[in-house]
Amino acid sequence: MNIEVILPDGSQRHYPAGTTALDVAKSISEGLARVVLAAEVNGQIWDLHRSLPEKCSLSLLKWDSDGGKYAFWHSSAHLLAEALEALYPGIKLGIGPPVENGFYYDIDFGDYAFSSNDFEQVEAKMLELAKQENRFERSEVSKAEAIRFFTEKGDPYKLELIDGLEDGSITFYKQGNFTDLCRGPHLPDTGKIKAVKLLNTAGAYWRGNEKNKQLTRIYAVTFPSSKELKEHLERLEEAKKRDHRKLGKELELFTFSEKVGMGLPLWLPKGAMLRERLENFMRKAQVRAGYEQVITPHIGSKQLYVTSGHWEKYGQDSFRPIYTPHEGEEYLLKPMNCPHHCEIYKSKPRSYKDLPVRLAEFGTVYRYEQHGELHGLTRVRGFTQDDAHLFCRPDQVKDEFKKVIDLVLYVFNALGFSEYTAQISLRDPLNKTKYIGTDEAWEKAENAIIEAAQEKGLRTVTELGEAAFYGPKLDFMVRDALGRKWQLGTIQVDYNLPERFELEYTGSDNQKYRPVMIHRAPFGSMERFVAVLLEHCGGKFPLWLSPEQVIVLPISEKFKDYAENVSQLLNYHDIRSFVDNRDEKIGRKIRDAEVQKTPYMLIIGEKEVSDSVVSVRKHGEGDIGVMSPEGMLEYLKLEINRQIQPV
RNA sequence: GCCGUUGUAGCUCAGUGGUAGAGCACUUCCUUGGUAAGGAAGAGGUCGACAGUUCAAUUCUGUUCAACGGCUCCA
């Protein structure tokens, strides 16, 4: 009795030396021992087979925990590698970590072009190996031994990894005939892996560096039962249905044309209507928050961006300058609105009493995005930011920043985004040359963001090296239907552009001072925001945003006039209503309106005309009874007001 | 930009070394129908583009363009 274990419920148990987490699980119940996957020992994730330290807190991780999944998929990556080595002798292994929804392994296949045609074979081999219930054996090896092993095996990538490791910290894991350099932890044995699915392949640079060789990355996912795999695949299917590119086409919101150019979205009438609503919503919120709207041109003199530093930083990787025909003057498609707004600030002398000055613009900008990067509406070459720049006194920065956080949260709340993460993006302290400005300015800006976020009680993650080149950021991220993370709103504190543009204001002592700039865009870009919103609501927009709010469906031609009158009444009161006058049966018209996700259908037949009412059908719910046209109008207004007045 | 996959009618997709097909959408006609697809006829495609192999290419090969899955990048 010389090991003391504290379980998550606080209870203490004593075991003999050499006891493993799996032994503890068995001592609690056989059932637990069957499902436990890994252990958290003093806050670190451990293999179940490792002997516990003398005194430890222990929690047993099952499939329902992140740590359990992590170990499960990590072990699955080894299983994948084992299967691949068996099937394709001579391949070289890169790394194979677990990720959020599964795992991958980077493989150098030499000349062989591994493709999805090979998946089935590999899956079968993995299951075959899993059934052998091979134990994952952990061993600590010296650096020399590790080097000897992989030199004999002829695996340059592993050797490169070992090169960066300290002697004494190196561990191997072996299952069956496969040994890998690995920190662990792993499952007790391969037998837990019951369902396997290879998802796709992709090119991935070795160590994420584009100068290195590109390996074949195989993405896969595994589960403790085939039922869970099935559910997972169904979720992926559902996500595909919500893909904004698919919904955008089906609902006729936007399109792309090769002739117009890649990454340049064309907004169709319905999409434009949606965007207009969002913009108006933002305008109103901004007016309430003391913003002033400005408008600036789509191009700007190159000198403007030389001043701002954008030219030096991005000029080479940007759209080329355009030239005037005779003078040869250089202009750039504007990649940013801020330099223009700086010049607006400078258009007249500013007093400390005037600050903050808040200049807002739905500014369309153009950036050269790499060919392979373009993605639906989320990554485009021309897009409109709901941009604004706040010019304030240093003593106002934190307060202004907090007000912007309020605005962003108001917007997210009104649109139903409850799941977002806030990320504080700071400068990379090891690579300061990537950034402009003094250490002092950076420190002030970073502290302002950290304090404002803290005081607002935001839950944040902090990322070093993610800042903009002129200042730190607070970014709001959400996920798309396929689980990819996208940055939406952003708030940035900037001490540098005011310096470069020599912005000033006159203080109460009649001296000149530099204002501080805050860049902010709650939506980020209209394009990306619409994409994320579209996936978020699966195309079923809240009533106030719906491009077609109401469709009036006359049962036959005879009721056309009445239908038109009802529609006009609604249109007159700013409800977007349309009449489906096609020579189709009512069932057909209803189906089409349902497919288009129109929120309300008003059915007009003989009864409705003689009673002066409309029959109301709600999308996804069906018949909700009759109302007078005026009653319907009130009903709709009420719903809209409720939606855009967040509590 | 890099690796891999794909590219046939407006959309979703079959198909073939001998100049193409379905469903939906579209047009016309019939039907005036009560809560998720009424019927008939018709029109519509240099099979992504350009080369090459071949008697013959949409099909095979190469190049290129674009989309998709990732990687690198993202003011």
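Reminder, nothing fancy here: chain letters follow the sequence lines and each chain counts from 1.
Counting only heavy atoms from C-beta outward, the side chains of A:L488 and A:F529 approach each other to under 4.5 Å.
The residues A:D387 and A:R520 are annotated as not salt-bridged, no charged nitrogen and carboxylate oxygen being separated by less than 4.0 angstrom. Ion pairing of A:K473 with A:E466 is absent here, as no side-chain N (NZ or NE/NH1/NH2) approaches a carboxylate O to less than 4.0 Å.
Here the P atom of nucleotide B:G34 and the CZ atom of A:F559 are 10 Å apart, to the nearest Å. B:G1 atom P lies 13 Å from atom CD of A:E369, rounded to whole Å. Straight-line distance from the CG atom of A:D580 to the P atom of B:A36: 15 Å, rounded to whole Å. One interatomic measurement links the two molecules: NZ of A:K241 to P of B:U12, which rounds to 17 Å at whole-angstrom precision. A:N117 has its CG atom 12 Å from the C1' atom of B:G4, to the nearest Å. When rounded to the nearest whole Å, the span between CD of A:E584 and C1' of B:A36 equals 13 Å. Taking atom CD on A:Q596 and atom P on B:A37, their separation rounds to 16 Å, with Å as the unit. As rounded to whole Å, 16 Å separates atom P of B:A36 from atom NZ of A:K540.
Separating the C1' atom of B:A75 from that of B:A67 is a span of 27 Å, rounded to the nearest Å. Here the separation of B:A43 from B:G34, taken at their P atoms, is 34 Å to the nearest Å. On the P atoms, B:U61 is 11 Å away from B:U6, given to the nearest whole Å. For the C1' atoms, the distance linking B:G45 with B:C68 amounts to 23 Å, nearest Å. A gap of 6 Å separates the C1' atoms of B:G18 and B:A56, to the nearest Å. On the C1' atoms, B:U16 is 12 Å away from B:U8, given to the nearest whole Å.
Proximity of residues 302-322 of chain A to RNA chain B (heavy atom under 4.0 angstrom from any strand atom) is restricted to A:H310, A:Y314, A:S318. Heavy-atom distances under 4.0 Å link RNA chain B to A:R379 of residues 379-386 of chain A, given in residue order. Heavy-atom distances under 4.0 Å link RNA chain B to A:I603, A:G605, A:E606, A:K607, A:E608 of residues 597-609 of chain A, given in residue order.
In this view, A:R427 and A:D439 satisfy the salt bridge (charged side-chain N to carboxylate O under 4.0 Å, His left out) rule, not counting sequence neighbours. Among residues two or more places apart in sequence or in another chain, the ring pair (Phe, Tyr, Trp, His ring centres under 6.0 Å) test is passed with A:H389 by A:H341, A:H519. Contacts of A:Y219 classified as ring pair (Phe, Tyr, Trp, His ring centres under 6.0 Å), with partners at least two apart in sequence or in another chain: A:Y104. With sequence neighbours excluded, the residues that form a ring pair (Phe, Tyr, Trp, His ring centres under 6.0 Å) with A:H232 are A:F223. Scanning for ring pair (Phe, Tyr, Trp, His ring centres under 6.0 Å) contacts around A:F362 gives an empty result, with sequence neighbours left out.
Using a 4.0 Å heavy-atom distance criterion, A:Y470 is classed as a sugar-phosphate-only contact. When heavy atoms are screened at a 4.0 angstrom cut-off, A:I586 is found touching the sugar-phosphate backbone but no base atom. Here A:Q487 lies out of heavy-atom contact (under 4.0 Å) with every strand.
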Practice item. Could you please spell out the steps behind the salt bridge (Lys or Arg N to Asp or Glu O under 4.0 Å) verdict for A:K213 and A:D108? Key: CA-CA 9 Å; A:K213 180 164 183 186; A:D108 183 348; 3.1 Å; yes
Practice item. Evaluate the side chain to side chain contact (heavy atoms under 4.5 Å, CB included) criterion for residues A:H244 and A:V532: first the C-alpha distance (whole Å), next the side-chain angles of each, then the deciding distance (0.1 Å), finally the verdict. Key: CA-CA 7 Å; A:H244 77 275; A:V532 174; over 6 Å; no
Practice item. Would you please test A:I603 and A:V614 for side chain to side chain contact (heavy atoms under 4.5 Å, CB included) and show each step? Key: CA-CA 6 Å; A:I603 291 144; A:V614 294; over 6 Å; no
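In this structure, A:S115 and A:K589 both approach RNA chain B, and ranking their closest nucleotides by distance from the 5' end singles out A:S115.
At most 12 heavy atoms of other shown residues, nucleotides or ligands fall within 6.0 angstrom of atom CD in A:E606. Within a 6.0 Å sphere centred on NZ of A:K346, heavy atoms belonging to other residues, nucleotides or ligands number more than 12.
Proximity of the aromatic rings of A:Y495 and A:Y470 is defined here by a centroid distance below 6.0 angstrom, and this criterion is not met. Checked against the 6.0 Å centroid threshold, A:Y345 and A:F391 count as a close aromatic pair. Between A:Y88 and A:F109, the gap from one ring centroid to the other is short of 6.0 Å.
Residue A:E557 places its side chain closer to B:U32 than to any other of B:U32, B:A36, B:A75. With B:C11, B:A36, B:G38 as the choices, the nucleotide that has an atom nearest any side-chain atom of A:K249 turns out to be B:C11.
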Polar-atom pairs under 3.5 Å, protein N or O versus N or O of nucleotides 60-71 of chain B: list them with distances, or write none.
unit_1 : atom_1 : unit_2 : atom_2 : d
B:A66  : O2'    : A:E258 : OE2    : 3.4
B:C68  : OP1    : A:R245 : NH1    : 3.3
B:C68  : O3'    : A:R245 : NH1    : 3.4
B:G69  : OP1    : A:R245 : NH1    : 3.3
B:G69  : OP1    : A:R245 : NH2    : 2.7
B:G69  : OP1    : A:R484 : NH1    : 3.4
B:G69  : OP2    : A:R245 : NH1    : 3.2
B:G69  : OP2    : A:H375 : ND1    : 3.4
B:G69  : O2'    : A:N200 : ND2    : 3.0
B:G70  : OP2    : A:R484 : NH1    : 3.3
B:G70  : O3'    : A:Y219 : OH     : 3.3
B:G70  : N2     : A:G203 : O      : 3.2
B:G70  : N2     : A:Q214 : NE2    : 3.1
B:G70  : N3     : A:G203 : O      : 3.4
B:C71  : O4'    : A:G203 : O      : 3.0
B:C71  : O2'    : A:Y205 : N      : 3.1
B:C71  : N4     : A:E373 : OE2    : 2.7

Nucleotide N/O to protein N/O under 3.5 Å, stretch nucleotides 39-41 of chain B:
none

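Of the options A:R617, A:K589, A:K540, a salt bridge (charged side-chain N to carboxylate O under 4.0 Å, His left out) to A:E594 is made by A:R617 and by none of the others. The only member of A:W442, A:W311, A:Y314 that meets ring pair (Phe, Tyr, Trp, His ring centres under 6.0 Å) when paired with A:F469 is A:Y314.
Applying the ring-ring contact (aromatic ring centres under 6.0 Å, His included) test to pairs two or more places apart or on separate chains, those with a residue in residues 584-604 of chain A are A:Y600-A:Y635.
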**Study point:** Secondary structure string for RNA chain B (Watson-Crick or G-U under 3.5 angstrom, | for other-strand pairs)
**Key:** (((((((..((((....[..)))).(((((.......))))).....(((((..]....))))))))))))....
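Side-chain atoms of A:S425 and A:E463 form no donor-acceptor pair, as typed in the model, at a separation below 3.5 Å.
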